[in-house]
2 protein chains.
Amino acid sequence: MTTETGILPGTQAKRQQILEGAIATFLQHGYEGTGMNQVADASGVTKQTIYSHFGDKEGLFTAIIEELTEFHAQELPCPISPNDSPGQVLRSLGQRFLRRQKDPRYLALLRVMIGESERFPELARLFSRKVIARAMEAFQTYFKQHPELGIEDPDLTARVFVGSLVNFIVQQELLYYKEIAPFEMERLVDYLIKLILKQ
Amino acid sequence: MTTETGILPGTQAKRQQILEGAIATFLQHGYEGTGMNQVADASGVTKQTIYSHFGDKEGLFTAIIEELTEFHAQELPCPISPNDSPGQVLRSLGQRFLRRQKDPRYLALLRVMIGESERFPELARLFSRKVIARAMEAFQTYFKQHPELGIEDPDLTARVFVGSLVNFIVQQELLYYKEIAPFEMERLVDYLIKLILKQ
DNA sequence: GTCTATAAGCCGATAGAC
DNA sequence: GTCTATCGGCTTATAGAC
């Protein structure tokens, strides 16, 4: 309505500013462990500004989880060279997947989603639909599009492949199992490929 | 010191009573979501009684996690009939393991351990040592003691077997993935056995 | 829309009677 | 050891000025 860009010029920027502060705070301390004062400090705005944008604490938490869920639902970029062997492609896919899972921002989101899954079941379902299901489908689709791999049950195989990798990350990174039984992720990926292709 | 049983007759009973109330409350609401008044109500004692037994909130939480960790560190009873085939034994082991993981009390503990793993890293390490490592070792030991299964790398195989099952439980039960992609655990167990034995 | 100031209630933890 | 009563402090959320 003015000479500015369009609708509510500074408002959207401030909204994003709040979201970033809220993401940092909620991902570190969880829902109950986070205070609105903390979020206000981390965002550089006052509490009232947050309340006028997001209504209440639950509204803010829901907003940041929806934002993060959308962000981490992005597909794995997979530049497949046609002259690579099936094993090489799978290896590249698996390691790319593991590397993304090891991103501290994703690990923190995963921890909070599991930790708050009883308090916010709908958000957990959203995470399952957007993040888990898409990762699973990416591998299922790849298996189906490449019958030369000789995989009989792409759905089950994706469950085992993705499941082993996800659990590896949860145990090693979130539960500090890497300090008790250290393990290189490459060995796990290579072994999984061997199991899956040798049938 | 009296005519009673031995040391502090009613005291140990009250301590156990507090622990039970605290377990129910902390497992449902997490650490920050639980108030000492809630624990007092759930236990049927007053707050001061809790403080005189456990010092502070952290002391109480630590005590219940140590208790639960010890409880869930128990080995899987595995009555192996010598005339069962390797596949049948593995299947029985896997299903017994999955059934135990699906126990709501274990699921709640797993959720809290992951959710609070940054706030209480030492408790997460305890859980890893007592619960995760022992489950993993049980399968490793079985694989090593039965070379007729033809498993080359028992450690890696246990990681894949246990990892797939644990991740299945986490996704299906804690993140409601069973509502999005329902799946019978028997199919997963059977497929894993097929993968592992067919090499 | 954004600020300062504040309300009303719950938090963990404690003091003192018995 | 167990109770009643209470203390600061921090919580979510709001009222009113600008």
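Numbers restart at 1 for each chain; the letters A, B, ... are given by sequence-line order, proteins then strands. Predicted, not measured: the structure shown is a model, and the values here were computed from it.
Between R15(A) atom CZ and dG1(C) atom P there is a gap of 12 Å when expressed in whole angstrom units. Rounded to an integer number of Å, the gap from M36(B) CE to dG8(D) P is 21 Å. Remark: C1' of dT12(D) and CZ of F54(A) are 17 Å apart, rounded to the nearest angstrom. Taking atom NE2 on H53(A) and atom P on dA13(D), their separation rounds to 17 Å, with Å as the unit. Taking atom CD1 of I50(B) as the reference point, atom P of dC11(C) lies 13 Å away to the nearest angstrom. As rounded to whole Å, 12 Å separates atom P of dT4(C) from atom CD of Q48(A). When rounded to the nearest whole Å, the span between NZ of K47(A) and P of dA15(D) equals 14 Å. A straight line from OH of Y51(B) to P of dC11(C) spans 11 Å, rounded to a whole angstrom.
A close approach under 4.0 Å does occur between a side-chain nitrogen or oxygen of T46(B) and OP1 or OP2 of dC3(D). Within the structure, every side-chain polar atom (N or O) of T49(B) is placed at least 4.0 Å from both OP1 and OP2 of dG1(D). OP1 or OP2 of dC11(C) lies within a sub-4.0 Å distance of a side-chain N or O belonging to N37(B).
Atom NZ of K102(B) is surrounded by 12 or fewer heavy atoms from other residues, nucleotides or ligands within 6.0 Å. Summarising the local packing, CD of E148(A) is surrounded by more than 12 heavy atoms from other residues, nucleotides or ligands at distances under 6.0 Å.
Side-chain contact between L68(B) and Y106(B) is absent, with no heavy atoms from C-beta onward closer than 4.5 Å.
The CZ atom of R129(B) sits 13.5 Å away from atom OH of Y176(A), with the distance rounded to the nearest 0.5 Å.
With DNA chain D read from its 5' end, the first of the two nearest nucleotides for G55(A) and Q38(A) is the one closest to Q38(A).
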